[in-house]
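Each ligand, and each atom within it, is numbered from 1 in the order the structure gives.
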Amino acid sequence: MNRYRLLILVVLMFAATNVIVAQKADSARRTLDIFYIDVEGGAATLIVTPAGESILVDAGWPGFEGRDAKRIEKAMKEAGVTAIDHLIVTHYHTDHYGGVPELARLIRVNKFYDHGPISSLDEDKDFAAKYAAYRAAAKDQTVTLNPGSSIRLKQTQTAQPVFLQILASRGETVTSKRSTVEPNGACSGAAEQPEDKTDNARSVAFLLRHGAFNFLDTGDLTWNIESKLVCPQDMVGEVVLYQVAHHGANTSNNPAMLRTIKPMVAIMNNGPRKGGHPDTVKGLRATPKLVDLWQVHRNIASGAENNSPEEFIANLDEQNDEAHMIRVSVDAAKRTFTVTNDRNGKSKSYEIK
Ligand SMILES: [Zn+2]
């Protein structure tokens, strides 16, 4: 063998090895994982895609010696990610974006998304300082999410694609391109509530799709905008996993929306004394496809009948909170997903029909 042939052989062997390594890396993570981080009645939902990309939806509260930022960092370690690729701030309330500055000091956040810049917020007297701290953490570089737009995610060759589409933002909702409206039967008799002028109504809502699995997160979106999403025309469709809106408050979770999305599994990020309203629990139980409602906390005030069985609750006590997570792992190829309660290790698998 002459030198030239030997060189070609070496190059080919090197290339073949690299292909094997690349395939291994690609198949190392096959699932889509979602972590419900306990931020005591705030919101912080970490999503890690099969390509290893990380999306954090809201960052909990500020203060308590950086408690929520540390809890997010701990969840990231367990998920095997070192940075947040996409941080979605659903709206400018302290329990959702207050924790962003502390988080950005602790870990790297590559991109910030929100419903757009605002100049004042009536319901928060400390808005100016909090918003300035958020803008500084984002280095004034934020992406405004509009209804109908999407966040482009990395895909792998082996896993089914992952899509994240924005359904609502700033009180506007995605609209149909069709000229005719197909009226949604679940809207009949739907009642309106007085106009919500708070930033809850401007929450970013999105649908994440991965094969037959989909996940709806509407932040703290309230009643009338939820109605706009599904009435008169349904712009959402049926949902496999539903993050119970607004921590389970009954100014959200409009029955017309719940009856339309017919969730199979719902996860509620309520606190011991926040959210988890009996009306919402009742409304969810009345939907035809619900198998289980999981809760980040037991609602201390509302009694056993308005809480899920203990095994579906991650944190039972108000004091000495150990901040147990609820995690979801989706195997799109098998059309299954598993929900795990970190407190007791209880896991339950669901088949996506
Ligand atoms: Zn909230």
- Message: Please give the atom name: the N, O or S atom of D95 nearest to the Zn ion (ligand 1).
- Response: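 Of the nitrogen, oxygen and sulfur atoms in D95, the Zn ion (ligand 1) lies nearest to OD2.
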Are [X] and [Y] close enough for a salt bridge, meaning some N to O gap below 4.0 Å?
X	Y	value
D279	K282	no
D292	K348	yes
D85	K154	no

ring-ring contact (aromatic ring centres under 6.0 Å, His included): pairs with one or both residues in residues 31-62, sequence neighbours excluded: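 Not a single pair qualifies under ring-ring contact (aromatic ring centres under 6.0 Å, His included).
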Please find out if the Zn ion (ligand 1) and some N, O or S atom of D220 are separated by less than 2.8 Å.
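Here the distance criterion (N, O or S atom, under 2.8 Å) is met by D220, so yes.
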**Asked** Once rounded to 10°, what is the value of the angle centred on the Zn ion (ligand 1) between H96 NE2 and H247 NE2?
**Response**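 Approximately 100° at the metal, rounded to tens of degrees.
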